[in-house]
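Reviewing the structure listed below.
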Amino acid sequence: MRITRALRLGIGFLALAAVASGCTSGSSGTATQNAAGGKLTIGIKFDQPGLGLEMKNGTFSGFDVDVATYVAGKLGVKPSNITFREAPSAERETLIQNGAVDMVVASYSITDQRKKKVDFAGPYYIAGQSLLVRADNNSVTGPQSLGGKKLCTVKGSTSAQDIQQDFAHDVNLQEYDTYSLCVEALKNNMVDAVTTDNIILAGYVAQNPGQLKLVGTPFTTERYGIGLRRGDKESRDKVNDAVQAMLDDNGPTGWRAALQKNFGPAFPVPTVPQIDRY
Ligand code: GLU
């Protein structure tokens, strides 16, 4: 009787500890090991049209999703064996560090600060921070014109950090959890502008025809990498090889085709990024 109770308590404690550490479906293997076992869990955005978007039928679409699927394929994992998990900006490092995901492909800029916690393959795309306003707004023209304005961005993003460091002045900065919440606030007149990478903002313009517009020229360089467990060089090398293959691939699932599929045939395909095998 006593033993059973102690056991039950013990199991309850372990379950609680697992929840408290945020370790839910996390596996202990490396990305390479898990791929060899036939499965990968990949962190993406669920609310960024063109990049990572959860569809009504439960499938996912976007350039990041296509990059993730291509890389997984090169590691031997079929699309049906990929589990996509939402990776909001502020949670990306933690999800990688605690093993909840094998990798993150989520408009994730490679930075020295983040490299203290995770490693990056890539870059597979180069974006730049920009500004989104309502179509009828003519007072916001660039980062210098934000004085006294309400500006929305996302916690844990480089967009929040850069605007605070370089352009904070007298901007009224509002930090939300996701960009789609910022866009809702913009449409409801609760903020004057949204700032993040141009490619993310372009997706919201396309989703809200005639209502929103991008202004000014990009004022940062955001090199999108694939986040991986720090120190797992084997996986980083393999993912870099896979990204290189996608960049070189002129077929229907290659890099150019994936960009045009997600951003339209008129999308100006940028210069091909150079992989940084640091
Ligand atoms: N690329 C920037 C970053 O990694 C902004 C986009 C995002 O938050 O996903 O923080």
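As the structure lists them, so they are numbered: ligands from 1, and atoms in each ligand from 1. Along the sequence shown, residues carry numbers from 1.
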With respect to Y179, determine whether any N or O atom, backbone or side chain, lies less than 3.5 Å from an N or O atom of ligand 1. yes
Numbering as shown, the atoms of ligand 1 that approach A106 to under 4.0 Å (heavy-atom distance): 9 (O)
Would you mind finding which of D197, L51, T178, D64 brings a heavy atom closest to atom 5 (C) of ligand 1? D197
Say whether T196, considering both its backbone and side-chain N or O atoms, lies within less than 3.5 Å of an N or O atom on ligand 1. no
Could you tell me whether ligand 1 has any atom less than 4.0 Å away from a heavy atom of Q129? no
If we number the atoms of ligand 1 from 1 as shown, the ones under 4.0 Å from a heavy atom of S159 are 5 (C)
Go through the structure and list residues passing ring pair (Phe, Tyr, Trp, His ring centres under 6.0 Å) with Y204, not counting sequence neighbours. none
Numbered atoms of ligand 1 (with element) below 4.0 Å of I200, judged on heavy atoms: 6 (C)
Looking only at heavy atoms of K155, does any of them come nearer than 4.0 Å to an atom of ligand 1? no
Of all the non-hydrogen atoms in the protein, which one sits nearest to atom 2 (C) of ligand 1, and at what distance? T158 OG1, 3.1 Å
Look only at the side chain of D197 and the backbone of A127, and say whether a donor-acceptor pair between them is shorter than 3.5 Å. no
The single option from Q129, Q113, R114, E222 that satisfies side-chain hydrogen bond (donor to acceptor under 3.5 Å, both in side chains) with T158 is E222
Geometric cation-pi criterion K115 and Y278, 6.0 Å radius, 45° cone: yes
M246, V105: one ILVMFWY side-chain cluster at the under-4.5 Å cut-off? yes
Do N198 and F219 touch side chain to side chain, with heavy atoms closer than 4.5 Å? no
With atoms numbered from 1 as shown, which atoms in ligand 1 lie under 4.0 angstrom from a non-hydrogen atom of K45? 7 (C), 8 (O), 9 (O)
Does R223 qualify as a cation-pi partner of Y124, given the criterion of NZ or CZ under 6.0 Å from the six-membered ring centre and within 45 degrees of its axis? no
Short version for R92: what comes under 4.0 Å of ligand 1, heavy atoms counted, is side chain
Under 4.0 Å to a heavy atom of Y224 - the qualifying atoms of ligand 1, by number: 1 (N)
Is it true that R256 and D248 have a side-chain N and a carboxylate O under 4.0 angstrom from each other? no
Hey, do the aromatic rings of F46 and F84 have their centres closer than 6.0 Å? no
Counting each atom of ligand 1 from 1 as listed, which ones have a heavy atom of Y108 under 4.0 Å away? 4 (O)
Taking 4.0 angstrom as the limit and counting only heavy atoms of S89, give me the atoms of ligand 1 inside it, by number and element. 7 (C), 8 (O), 9 (O)
May I ask you to list the atoms of ligand 1 that are less than 4.0 angstrom from any heavy atom of S157? 8 (O), 10 (O)
Regarding Y224 and D64, is there a side-chain donor-to-acceptor distance under 3.5 Å anywhere? no
